[in-house]
**Student:** 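Could you have a look at this structure, given as structure tokens, before my questions?
Only this structure's heavy atoms are used, side chains among them; waters, hydrogens and symmetry mates stay out. Order of appearance sets the numbers: ligands from 1, and atoms from 1 within every ligand.
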Amino acid sequence: VQCSCGGELEQGFVPDFSAAAVWSMVWVAGEPSPDKSFWEAFRTGPGLRVENLDARVIEAHRCTSCGRLELYANRRPDPAESPAR
Ligand SMILES: [Zn+2]
């Protein structure tokens, strides 16, 4: 794949450095919602609802020439990769 500047895009991802673990960042369908079930809050703590959503791992392709990032979200995360699944 090529950047609009003519440089090459290299594949990568955007790690999410949370307090207890490092995850892959994901894209999820729909609007952010703080309405968590008791059990989801018990497992994942406060914040936005992430379970039972259509989540995709964000792949970030970086141009080695100008640094431009192009983001793709195709692959579903496996359970070890993200709390959103
Ligand atoms: Zn470029």
**Student:** Hey, could you give me each pair passing ring pair (Phe, Tyr, Trp, His ring centres under 6.0 Å) that has a residue in residues 48-67? Not counting sequence neighbours.
**Tutor:** His61-Tyr72
**Student:** Which residue pairs pass the salt bridge (charged side-chain N to carboxylate O under 4.0 Å, His left out) test when at least one of the two sits in residues 60-77, sequence neighbours left out?
**Tutor:** Glu10-Arg62, Asp54-Arg76, Arg68-Glu70, Arg75-Glu81
**Student:** Any non-hydrogen side-chain atom of Asp16 less than 4.5 Å from a side-chain atom of Val14?
**Tutor:** no
**Student:** Do Trp27 and Leu71 sit in the same hydrophobic cluster, where Ile, Leu, Val, Met, Phe, Trp and Tyr count as joined when their side-chain heavy atoms come under 4.5 Å apart?
**Tutor:** yes
**Student:** Excluding waters, which protein N, O or S atoms are within less than 2.8 Å of the Zn ion (ligand 1)?
**Tutor:** Cys3 SG, Cys5 SG, Cys63 SG, Cys66 SG
**Student:** Could you check if a side-chain atom of Ser24 sits within less than 4.5 angstrom of a side-chain atom of Pro15, using non-hydrogen atoms only?
**Tutor:** no
**Student:** Identify, with sequence neighbours excluded, every residue that meets side-chain hydrogen bond (donor to acceptor under 3.5 Å, both in side chains) alongside Gln11.
**Tutor:** none
